[in-house]
Amino acid sequence: MAVLELALIVLACVIGSAVLCQIVSRLSLPLVQIAVGAVVALVVPAVHDVSISSELFLVLFIAPLLFNEARETNPRDLWENKGSILSLAVGLVLLTVLVVGFALNWFVPSVPLGAAFACAAALAPTDAAAVGALASSVSLKKRQSTLLSGESLINDASGIVSFQFAIAAVVTGAFSLIDASVDFLVEFVGGLLLGVLLGLLGNWVVKRARSIGVENTNFHVLFEVLIPFLIYLVANVCHVSGVIAVVVAGLINVTSPKGVIGPSVSRMNIVSGSVWHVLTYALNGIVFVLLGTQLPLAMQDTWENVRITNSTLILLVFGLTFVLLATRFLWVLAMDLYHVR
């Protein structure tokens, strides 16, 4: 019953934030959802007890969100800007981890370097939901939109791998750059190949189902919703990047194979679009509301930390934000100077 009550509370927050966003139109929806979650956590302290494992969070929220983002992206635009996208999604993320990590360790020497790198890895990747919110409120050129969306699709993999190795370094006290590089390549390339394989397999299943007369819209839409969860779980078993595998399968567009047309396909695409619109809205909303519910407790622990004053903490936040933005600005400037495409 407690789980059901929590689910209803979070869902009510998502619905309420949609109404508030219409009233406070100058604020983006994610900020409103975070604020609603924080207020609810203050009113209902039991919400603080919410605990979701990282693996469950990735498969339950990140996998379907990235899959839908990928299936709505034009693969040709991504390919034309592949150099810039990989530069931002891999090179910039790794550089940000190093720069922000060393900066945090320099600002606060009591923070171990491994922990500083872990914090930087959590901050380095851009968020797909934030990119979507930005695109809806700011007029972006086509290439700018392609770069931001493409980066947000891939950089989770480099950020997650960097975070995992930073945590491992903190726990074990050892770190090998060669081992980390090899493991990153294995996860990245392995996820890419597995995503292609499972995406093509999904295409074959859909075509085979249609060849024997299975044109049921419910079957095809539910199969499409199930795909990202299955792919991520298979990738996890194979010890490759589930994020990359899900993105690649989404780009292949599993349940809408090329060359398949007809009234049933058009009807399926309409229903699928509506289902994914509602599903991604709910998942994004739940993520930001849950983030808001954790803020009061996290801030309370931080403010009560006697080893660092609140004013110093605020200055540290602004300092790291400046370093983060400056690193990104200089990297993008270098890309433009060298005409990276």
Student: Quick check on Phe57: does its CZ atom have over 12 non-hydrogen neighbours (other residues, nucleotides or ligands) under 6.0 Å away?
Tutor: yes
Student: Report yes or no: is the cationic atom of Lys82 (NZ for Lys, CZ for Arg) under 6.0 Å from the centre of the six-membered ring of Trp79, at an angle within 45° of the ring normal?
Tutor: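 Positive - Lys82 is close enough to the ring of Trp79 and near enough to its axis.
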Student: Taking the side chain as every heavy atom from C-beta outward, state whether Leu104 and Val323 have any atom pair closer than 4.5 Å.
Tutor: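 No - every pair of side-chain heavy atoms lies 4.5 Å or more apart.
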Student: Do Tyr281 and Val14 come close enough that some side-chain heavy atom pair is under 4.5 Å?
Tutor: yes
Student: Can you tell me how far CD of Gln22 sits from OG of Ser17, rounded to the nearest 0.5 angstrom?
Tutor: 10.5 Å
Student: Mind listing the closest non-hydrogen atom pair of Phe107 and Gly319 along with its distance?
Tutor: CE1-C, 4.4 Å
Student: Are Gln33 and Cys13 packed together at the side-chain level, in the sense that at least one heavy-atom pair is separated by less than 4.5 angstrom?
Tutor: no
Student: Using 0.5 Å steps for rounding, measure from the CG atom of Leu198 to the CG atom of Asn203.
Tutor: 11.5 Å
Student: Hey, are Trp331 and Thr96 close enough side-chain-wise for a donor-acceptor pair under 3.5 Å?
Tutor: no
Student: How long is the straight-line distance from CG of Leu11 back to CD1 of Ile9, given to the nearest 0.5 Å?
Tutor: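 Interatomic distance, Ile9 CD1 to Leu11 CG, rounded to 0.5 Å: 11.0 Å.
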Student: Are any of the side-chain heavy atoms of Ser241 and Phe188 separated by less than 4.5 Å?
Tutor: no
Student: When you compare the side chain of Val100 with that of Cys119, does any pair of heavy atoms fall below 4.5 Å?
Tutor: no
Student: With a 3.5 Å distance limit and no angle check, can you tell me whether Asn105 reaches the backbone of Val111 through a side-chain donor-acceptor pair?
Tutor: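 Yes, Asn105 side chain to Val111 backbone: donor-acceptor pair under 3.5 Å.
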Student: Should the pair Phe117 and Phe102 be assigned to parallel (<30°), tilted (30 to 60°) or perpendicular (>60°) ring geometry?
Tutor: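 Ring orientation, 0 to 90° scale: perpendicular.
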Student: Nearest 0.5 Å, what's the OG-CG distance between Ser87 and Leu147?
Tutor: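 Nearest 0.5 Å value for the OG-CG distance: 9.5 Å.
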Student: Rounded to the nearest 0.5 Å, how far does CG of Leu197 lie from CD1 of Ile231?
Tutor: 9.5 Å
Student: To the nearest 0.5 angstrom, please state how far the CG atom of Leu123 sits from the CZ atom of Phe163.
Tutor: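 It is 10.5 Å, given to the nearest 0.5 Å.
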Student: Kindly indicate, with the supporting measurements, whether the criterion side-chain hydrogen bond (donor to acceptor under 3.5 Å, both in side chains) is fulfilled by Trp276 and Glu72.
Tutor: CA-CA 11 Å; Trp276 275 109; Glu72 293 181 348; over 6 Å; no
Student: So do the side chains of Phe67 and Val247 get within less than 4.5 Å of each other, counting heavy atoms only?
Tutor: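 Not in contact.
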Student: Please report the closest heavy-atom contact between Ala245 and Ala235, naming both atoms and the distance.
Tutor: CB-CB, 4.2 Å
